[in-house]
Structures are given as C-alpha cells and as structure tokens.
Amino acid sequence: MNADKLKAAIRDVPDFPKPGIIFKDITPILNDPKLFRLAIDILADRHKNQNVNRIAAIDARGFLFAGAMCDRMKIGLVPIRKKGKLPWRTYEQSHDLEYGSATLTIHQDAFKPGDRVALVDDLLATGGTAAASAKLIEQAGGTVVGIAFLVELAFLKGREKLAGYDVFAPVVF
Ligand code: AMP
C-alpha cells in the first residue's frame with residue numbers, strides 16, 4: 001500500500017520534546033518531493049466527494065499539508081493558531097496535550113454560513129488538539145465534514161475524543 005512508503009519514512013525521535021515521548025518526525029516526508037506529493041494525493045483524495053469548501057489547518061505542521069491540499073483542491077484555508085498569533089478577533093479553546101497544555105484560536109469571521117470544512121493536522125495523538133479545533137470551527141459557524149491526519153498514534157485512543165466525526169489517518173502506529 002502507498003501509505004506504507006510514508007510510514008517507512010517517518011523518523012522516531014525518542015525523548016523529544018520531553019523524556020518518555022517518542023516524537024514522530026514527518027520532515028523526511030516533506031524533504032522528499034515524491035513522498036510529499038503522495039501524502040497530499042492521499043489526503044486530498046479523501047475529501048474528493050465530500051463537497052468541502054474550506055480546510056482548517058492546525059498550527060504548525062498542519063499548515064504544511066493543508067496549504068498544498070488547498071492548492072490542489074482549489075479551496076480556501078483557515079489557520080487555527082496558538083493564542084496570540086492571529087491578528088483579528090478570535091474565539092479560543094484550551095486543551096491538554098500529550099505533553100503540556102495549549103490554547104488555540106480561530107478568527108471569528110473565518111467562515112460563512114454553509115461552509116463545509118475539513119480539519120487537517122499532521123498527527124493524531126490524544127485528540128485534544130483536534131477536538132478543540134473542531135469546537136473552534138463550529139463556534140465560528142463552519143460544519144466539520146471530516147478530520148484528516150497523516151499519522152495516528154492509535155494506542156493513545158485519540159479517536160475517542162473525536163467521536164461523531166469522520167476521522168481519517170492513512171499511517172497508523
Ligand atoms: P494531541 O492533542 O495529543 O492529539 O496532539 C496532537 C498535536 O501534537 C499535533 O499537532 C501533533 O503534531 C503533536 N504531537 C503530539 N504527540 C506527538 C508525537 N508523539 N509526535 C509528533 N507530534 C506529536
């Protein structure tokens with residue numbers, strides 16, 4: 001399967017950014033044009049028949065995939081950013097992380113009524129980040145049609161926090 005090529009390229013970095021965390025480094029995929037394109041093919045293909053008209057992308061590695069997907073899909077991008085980074089009026093949501101906690105924000109005027117949104121990030125760990133992001137999309141008036149990650153750490157059971165959403169991840173550890 002094609003996703004196996006992506007899986008093989010992901011590098012494990014033990015004890016980053018904290019002891020006990022095995023960081024899944026996706027930069028080798030970005031660094032290889034064939035693999036990067038394959039990742040975008042798989043992620044964009046997922047949303048082909050879902051009538052999605054916006055991608056909401058999670059700070060910061062989500063931006064890398066979402067930007068390329070939006071170009072491919074000819075749709076707009078809405079950034080979900082760490083608190084203090086977005087310049088206009090925002091909604092905010094706080095959540096726990098596999099390591100630490102964080103507050104995410106979205107522009108209040110990011111969506112128009114009826115916008116069908118795919119949420120994109122590089123990796124699903126505990127699911128807190130994506131759950132908070134989905135809430136932000138809904139708060140700003142968008143409908144979450146699907147949530148796509150390149151990688152899922154299934155043992156952390158992040159999908160449980162995303163119950164009710166259509167969750168996709170081609171690479172599973
Ligand atoms: P979570 O809220 O626990 O699902 O964490 C997801 C966010 O943290 C994503 O934006 C990931 O990029 C990042 N993340 C969490 N754990 C890892 C990990 N083990 N390797 C790489 N990124 C991670």
Side-chain angles (χ1 to χ4, degrees), residues 3-32 35-36 38-40 42-44 46-47 54-70 77-86 90-107 110 117-140 142 144 146-173:
D4 289 343
K5 291 184 196 157
L6 300 175
K7 189 171 187 174
I10 293 168
R11 171 167 57 190
D12 280 1
V13 183
D15 299 320
F16 181 89
K18 289 191 176 164
I21 301 288
I22 298 176
F23 192 86
K24 296 291 182 188
D25 178 16
I26 51 89
T27 62
I29 292 174
L30 303 175
N31 205 326
D32 179 322
L35 289 181
F36 189 30
L38 173 62
I40 300 306
I42 291 172
L43 291 171
R46 165 66 174 183
H47 298 293
R54 290 290 179 278
I55 289 179
I58 301 178
D59 200 345
R61 286 180 296 276
F63 297 164
L64 302 168
F65 296 98
M69 287 171 71
C70 284
L77 185 152
V78 171
I80 293 175
R81 298 214 60 188
K82 288 163 191 151
K83 188 174 170 161
K85 296 288 185 187
L86 285 173
T90 59
Y91 297 119
E92 60 181 68
Q93 289 281 343
S94 297
H95 62 283
D96 294 327
L97 292 173
E98 190 185 2
Y99 38 87
S101 73
T103 301
L104 291 174
T105 65
I106 197 166
H107 275 155
V117 184
L119 175 60
V120 170
D121 200 2
D122 67 328
L123 182 141
L124 172 62
T126 66
T129 304
S133 299
K135 268 191 218 151
L136 285 171
I137 293 166
E138 287 159 0
Q139 216 176 342
V144 180
I147 308 182
F149 306 90
L150 194 62
V151 185
E152 174 180 0
L153 303 183
F155 55 93
L156 292 173
K157 301 192 191 314
R159 274 177 193 258
E160 290 178 5
K161 279 211 187 89
L162 302 176
Y165 293 109
D166 178 6
V167 176
F168 173 69
V171 176
V172 181
F173 289 97

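FYI, the numbering just counts along the sequence from 1. Atoms within a ligand are numbered from 1 in the order they appear, just like the ligands themselves.
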Legend entry - Residues forming a salt bridge (charged side-chain N to carboxylate O under 4.0 Å, His left out) with Asp32, sequence neighbours excluded: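 With neighbours one apart ignored, the set is empty.
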Inset, instruction - Start with the C-alpha gap between Ile40 and Phe65, add the side-chain angles, then the distance that decides, and say whether side chain to side chain contact (heavy atoms under 4.5 Å, CB included) holds. - result: CA-CA 7 Å; Ile40 300 306; Phe65 296 98; 4.0 Å; yes
Using distance alone, determine whether [X] and ligand 1 share an N or O pair under 3.5 Å.
X	answer
Ile21	no
Phe23	no
Lys24	yes

Inset, instruction - Could you note down all residue pairs passing side-chain hydrogen bond (donor to acceptor under 3.5 Å, both in side chains) where residues 155-165 supplies at least one of them, sequence neighbours left out? - result: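 Found Glu138-Tyr165, Glu152-Arg159.
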Report the distance from atom [atom1] of [X] to atom [atom2] of [Y], rounding to the nearest 0.5 Å.
X	Y	atom1	atom2	answer
Asp96	Thr129	CG	OG1	9.5 Å
Leu30	Asp25	CG	CG	8.5 Å
Glu92	Leu104	CD	CG	10.0 Å

Could you tell me which atoms of ligand 1, counted from 1 in the order shown, lie closer than 4.0 angstrom to a heavy atom of [X]?
X	value
Arg61	11 (C), 12 (O), 13 (C), 22 (N)
Leu153	19 (N)
Thr129	1 (P), 2 (O), 5 (O), 6 (C), 7 (C)

Taking heavy atoms and a distance under 4.0 Å, where does [X] meet ligand 1: side chain, backbone, both or neither?
X	answer
Leu123	both
His95	neither
Asp121	side chain

Taking the non-hydrogen atoms of [X], is any one of them nearer than 4.0 angstrom to ligand 1?
X	answer
Gly158	no
Ile22	yes
Ile26	no

Inset, instruction - For residues Ala148 and Leu43, report the shortest heavy-atom separation together with the two atoms involved. - result: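 Reported closest heavy-atom pair: CB-CD2, 4.1 Å.
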Inset, instruction - Taking all non-hydrogen atoms of both residues into account, name the closest pair between Ala3 and Pro170 and its distance. - result: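 Scanning both residues completely, I find the closest heavy atoms to be CB-O, 3.6 Å.
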Inset, instruction - Nearest heavy atom to atom 1 (P) of ligand 1 wins, so pick from Asp12, Asp122, Val13, Thr126. - result: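 It is Thr126 that holds the nearest heavy atom.
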Inset, instruction - Examine distances only and state if a side-chain atom of Asp15 and a backbone atom of Gly20 form a donor-acceptor pair shorter than 3.5 Å. - result: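 A pair under 3.5 Å: yes.
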